[in-house]
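One structure below.
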Protein chains: 2
Amino acid sequence: MNSPETQNSPLGRRPTLYDVATHAGVSPSLVSLFLKDPERISEKRRGAVQKAISELGYRPSRAATTLASTRTKSIGLVIDDYRNLWFVDLLRGMESVLSNLGYQVMLADSRPGKNRIKEATDGLLAMHVDALVLAAEPSEAMLSTTWVPTVVAGWRKGVPAGADLITNDDDGGGAMAASHLLELGHVRVGHLSGADGASAHRRAGFRRAVETAGVESIISESDGTSEEDGYTAACWLLEHHPDTTAIFAANDTMALGAFAALKARGLSVPHDVSVIGYDNSPLAKSRYLDLTSVDNRSDVVGIDAAHRLLARIEDPSLQPERKLIEPTLVLRGTTSALR
Amino acid sequence: MNSPETQNSPLGRRPTLYDVATHAGVSPSLVSLFLKDPERISEKRRGAVQKAISELGYRPSRAATTLASTRTKSIGLVIDDYRNLWFVDLLRGMESVLSNLGYQVMLADSRPGKNRIKEATDGLLAMHVDALVLAAEPSEAMLSTTWVPTVVAGWRKGVPAGADLITNDDDGGGAMAASHLLELGHVRVGHLSGADGASAHRRAGFRRAVETAGVESIISESDGTSEEDGYTAACWLLEHHPDTTAIFAANDTMALGAFAALKARGLSVPHDVSVIGYDNSPLAKSRYLDLTSVDNRSDVVGIDAAHRLLARIEDPSLQPERKLIEPTLVLRGTTSALR
DNA sequence: GCGGCATTTTGTAGCGCTACAATTTTTACG
DNA sequence: CGTAAAAATTGTAGCGCTACAAAATGCCGC
């Protein structure tokens with residue numbers, strides 16, 4: 001309707017709350033009240049203020065609001081890398097409880113350097129977030145330096161003092177994957193493992209379940225958890241244990257590497273070898289890949305983390321808590337009974 | 001060293017710049033100066049301020065800084081969905097030019113509702129970002145309401161007045177994919193297309209190239225661009241044109257759907273049918289999938305967008321510009337010469 | 001040892017908003 | 001109608017920082 005050039009607003013600058021108040025013929029305080037809860041002012045004024053806001057194209061300044069209020073109604077989420085999609089479920093879980101309460105979730109990733117986690121956290125704290133979720137391995141440098149309620153999600157090492165811990169039961173999940181393969185009758189089962197914390201737990205669970213069943217646990221460990229790592233580990237496994245009939249990969253991406261190694265050897269899945277992954281990532285859900293996988297329920301972690309933070313925002317004296325979330329098994333087409 | 005309980009700081013609250021100044025025995029202005037450029041103050045004072053900062057555990061308040069300065073040195077990036085990983089390259093491209101200049105990139109996704117794009121944008125503007133990159137289709141509601149330099153990246157419809165446009169040459173990319181298949185000798189080529197803007201351009205390019213070569217263009221169109229859509233479209237294609245020897249999917253995910261359809265029919269890739277995708281996503285790069293794909297060079301879009309914004313921050317009177325980025329073809333194992 | 005100039009440091013005045021107490025208006029009811 | 005209580009509205013005083021001009025200090029040669 002209006003020309004973009006004139007920008008509706010008669011001011012040559014970003015309109016402020018005072019501009020709105022003047023335009024609407026009320027006091028700034030009333031406009032502020034309107035912003036916080038429109039229901040709290042009379043219908044007559046509400047209309048006038050609303051009109052002034054849209055006529056001027058006013059948008060509140062978050063900076064000013066933040067500075068003037070004690071609470072910002074925002075929660076910071078630090079993730080290690082945008083490309084690790086597991087944070088999407090975490091985020092969705094958090095938002096499912098926080099959005100309705102008017103909270104906003106701010107994301108910061110800490111990809112590049114090692115101490116970027118501290119940087120990302122500092123950035124979030126600089127924005128006065130009311131609380132923090134660390135979905136990245138906390139560095140030593142920040143073990144004791146948070147001013148706000150903090151929960152560590154999905155990592156178990158280096159939890160800052162006073163922080164809650166809500167994480168996936170990777171140990172249980174590893175055992176779950178192993179049991180599934182054993183129940184299908186497999187007795188030559190291999191595990192492709194990575195080097196990080198979660199991998200170690202998955203590995204331990206796997207080993208325990210397999211050895212409890214009286215079966216030898218064959219583990220091929222690599223430095224990372226990428227598809228290439230999975231490929232390399234699977235090649236080693238297939239070379240040294242050619243009679244392997246089932247493979248448990250530490251994550252879905254590594255399972256993809258196993259697929260590549262099997263394909264190269266002319267072995268088919270699940271006819272010759274069953275494969276189970278971990279994370280129930282979009283990859284596993286793919287119709288083509290159709291990968292059986294352990295779902296670590298990051299959405300539940302997110303929901304729990306959110307509840308926990310809300311509680312600690314209300315009562316900062318609450319004692320930190322530690323909690324494990326049970327994974328679930330998602331059956332798909334890459335595992336089948338031993339033929 | 002210090003107990004986490006005492007938090008180093010003698011104050012029972014978040015330390016401010018004034019606390020630092022007092023502690024260091026200098027004026028607040030000097031501390032502010034230090035924050036902006038440590039080199040600008042004498043060595044003696046610099047040491048004192050530095051010491052005070054770390055002793056108190058001081059972190060500047062972004063809100064206060066933002067409010068007091070005219071520039072915030074931050075750029076907002078609106079994306080449609082965190083799960084569409086193409087934004088990662090965009091982001092990396094932007095950061096490669098912005099980080100060195102001290103700019104920070106803030107992300108907001110607009111997943112859920114339709115007008116969340118406006119919400120996400122408003123949120124960013126509320127944080128006083130100096131400029132905005134819209135990597136999501138702008139809604140009508142916001143065609144004329146930005147106060148800051150804006151560039152639309154990767155979308156061509158609904159560009160707000162006064163915004164720059166830097167986008168991928170999807171039309172050229174479609175033609176590129178088609179030419180590749182034609183050069184390999186294929187004459188029965190099908191295209192799996194989606195319904196969004198980018199798909200339409202890729203389709204147009206494909207059609208033009210194929211028809212220029214005097215070959216019939218067979219297009220299977222679906223509502224979306226998911227793997228399921230790709231699967232459905234591929235099933236239609238294979239049923240109605242069983243002699244198809246090459247398939248161009250509108251994106252890598254749809255190519256995965258095509259794989260599923262081919263596998264179900266016992267056809268192998270690339271032996272029976274060649275497949276080319278689009279986006280050069282992590283999927284395409286996978287060793288197992290090894291998918292030939294068109295790379296739309298989002299990293300370059302990011303770099304260009306950043307340069308453009310910096311220029312417009314310097315000189316807001318600059319006329320908006322439109323620019324297409326040339327895609328490149330990435331050859332992998334899913335396309336081969338017609339046997 | 002003293003102008004004159006460059007460098008370093010400081011004081012003052014907001015940025016745009018909210019908290020909270022104080023004030024005005026409306027409503028309820030004897 | 002009058003008055004107390006409730007509801008609606010307003011004024012005042014910052015939140016933590018930066019911009020910018022003014023003041024203080026250091027440095028030079030003569």
Side-chain angles (χ1 to χ4, degrees), chain A residues 9 11-49 52-53 56-74 102 122 125-130 147, chain B residues 9 11 13-49 52-53 56-74 102 122-123 125-130 147:
Chain A
S9 165
L11 304 92
R13 54 184 170 77
R14 179 178 178 143
T16 73
L17 180 144
Y18 280 73
D19 299 324
V20 173
T22 307
H23 198 81
V26 299
S27 74
S29 300
L30 224 224
V31 180
S32 174
L33 235 38
F34 171 91
L35 257 25
K36 190 200 272 181
D37 178 11
E39 301 300 314
R40 267 176 51 182
I41 73 175
S42 70
E43 200 172 333
K44 195 179 76 182
R45 312 284 191 156
R46 198 186 312 154
V49 172
I53 286 180
L56 294 177
Y58 168 76
R59 305 182 219 232
S61 157
R62 190 97 211 278
T65 307
T66 296
L67 198 54
S69 355
T70 37
R71 294 285 162 79
T72 58
K73 288 238 161 195
S74 65
D122 281 357
L125 288 173
M127 319 215 69
H128 299 232
V129 292
D130 291 340
W147 285 97
Chain B
S9 165
L11 305 91
R13 55 186 169 75
R14 178 180 180 142
T16 73
L17 179 142
Y18 280 74
D19 298 324
V20 174
T22 307
H23 198 81
V26 299
S27 74
S29 301
L30 223 226
V31 179
S32 175
L33 235 38
F34 171 90
L35 257 25
K36 191 201 268 180
D37 178 10
E39 302 299 314
R40 266 175 52 182
I41 72 176
S42 70
E43 200 173 333
K44 197 179 74 180
R45 312 283 188 156
R46 199 187 312 153
V49 172
I53 286 180
L56 295 178
Y58 168 76
R59 305 181 219 232
S61 157
R62 190 98 212 275
T65 307
T66 296
L67 197 53
S69 356
T70 37
R71 294 283 164 77
T72 59
K73 287 243 164 191
S74 65
D122 282 357
L125 288 173
M127 320 214 67
H128 299 232
V129 292
D130 291 341
W147 285 98

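So that the names make sense, note that chain A is the first sequence line, chain B the second, and so on, each numbered from 1.
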Inset, instruction - Specify the separation, in whole Å, of atom CG of B:D37 and atom C1' of C:dT7. - result: 14 Å
Inset, instruction - Specify the closest pair of heavy atoms between A:A63 and B:T66, including all atoms of both residues, with the distance to one decimal. - result: CB-CG2, 3.5 Å
Inset, instruction - Take A:D19 and A:T16, measure what side-chain contact (heavy atoms from CB on, under 4.5 Å) needs, and give me the verdict at the end. - result: CA-CA 5 Å; A:D19 299 324; A:T16 73; 3.4 Å; yes
Inset, instruction - Let me know the distance between CZ of A:R14 and C1' of C:dG16, rounded to the nearest Å. - result: 9 Å
Legend entry - Least distance between heavy atoms, B:Y58 atom then B:L35 atom: OH-CD2, 3.8 Å
Legend entry - Over all atoms of both residues, closest heavy-atom pair of B:P60 and A:A126: O-CB, 3.6 Å
Legend entry - Helical bend (five base pairs per end, nearest 10°) for the helix from C:dG1-D:dC30 to C:dG30-D:dC1: 30°
Legend entry - Any A:T16 side-chain N or O less than 4.0 Å from OP1/OP2 of C:dG16: no
Legend entry - OP1 or OP2 of D:dT10 under 4.0 Å from side-chain N/O of A:S27: yes
Legend entry - Atom pair distance, as rounded to whole Å: CG in A:L67 and P in D:dC15: 9 Å
Legend entry - Results of side-chain hydrogen bond (donor to acceptor under 3.5 Å, both in side chains) for B:S61 - residues two or more places apart only: A:H128
Inset, instruction - Assign each of B:R45 and A:A63 to its nearest nucleotide of DNA chain C by heavy atoms, then name whichever residue's nucleotide is nearer the 5' end. - result: B:R45
Sequence neighbours excluded and cut-off under 3.5 Å, please list the side-chain donor-acceptor pairs for residues 26-34 of chain A, or say none.
| from | atom 1 | to | atom 2 | distance (Å) |
| --- | --- | --- | --- | --- |
| A:S27 | OG | A:L30 | N | 3.3 |

Inset, instruction - Rounded off to whole Å, could you give me the CG-to-P distance for the A:L30 and C:dG16 pair? - result: 20 Å
Legend entry - Interatomic distance, B:K44 NZ vs C:dT8 C1' [rounded to whole Å]: 11 Å
Please enumerate all protein N or O atoms sitting under 3.5 Å from an N or O of nucleotides 19-26 of chain C, with distances to 0.1 Å.
| from | atom 1 | to | atom 2 | distance (Å) |
| --- | --- | --- | --- | --- |
| C:dA19 | OP2 | A:K36 | NZ | 2.8 |

Inset, instruction - Pick base, sugar-phosphate or nothing for A:P28, based on heavy-atom distances below 4.0 Å to the nucleic acid. - result: nothing
Inset, instruction - Measure from CZ on B:R46 to P on C:dT8 and round the result to the nearest Å. - result: 10 Å
Legend entry - Shortest non-hydrogen contact between A:A52 and A:A24, atoms and distance: CB-CB, 3.8 Å
Donor-acceptor pairs under 3.5 Å, side chain of residues 37-46 of chain A to any protein atom, not counting sequence neighbours: which ones?
| from | atom 1 | to | atom 2 | distance (Å) |
| --- | --- | --- | --- | --- |
| A:D37 | OD1 | A:E39 | N | 3.1 |
| A:R46 | NE | A:P38 | O | 3.0 |
| A:R46 | NH2 | A:I41 | O | 3.1 |

Inset, instruction - Verify the contact: side-chain N or O of A:Y58 to OP1 or OP2 of C:dC17, cut-off strictly under 4.0 Å; return yes or no. - result: yes
Legend entry - Value in whole Å for how far the P atom of D:dC15 lies from CZ of A:R62: 20 Å
Legend entry - Interatomic distance, A:Y18 OH vs C:dC17 C1' [rounded to whole Å]: 8 Å
Inset, instruction - Please name all residues satisfying side-chain hydrogen bond (donor to acceptor under 3.5 Å, both in side chains) with B:T72, sequence neighbours left out, ordered by chain then number. - result: B:S74, B:D130
Inset, instruction - For B:F34, report the nucleic acid contact type (base, sugar-phosphate, nothing); a contact means any heavy atom under 4.0 Å. - result: nothing
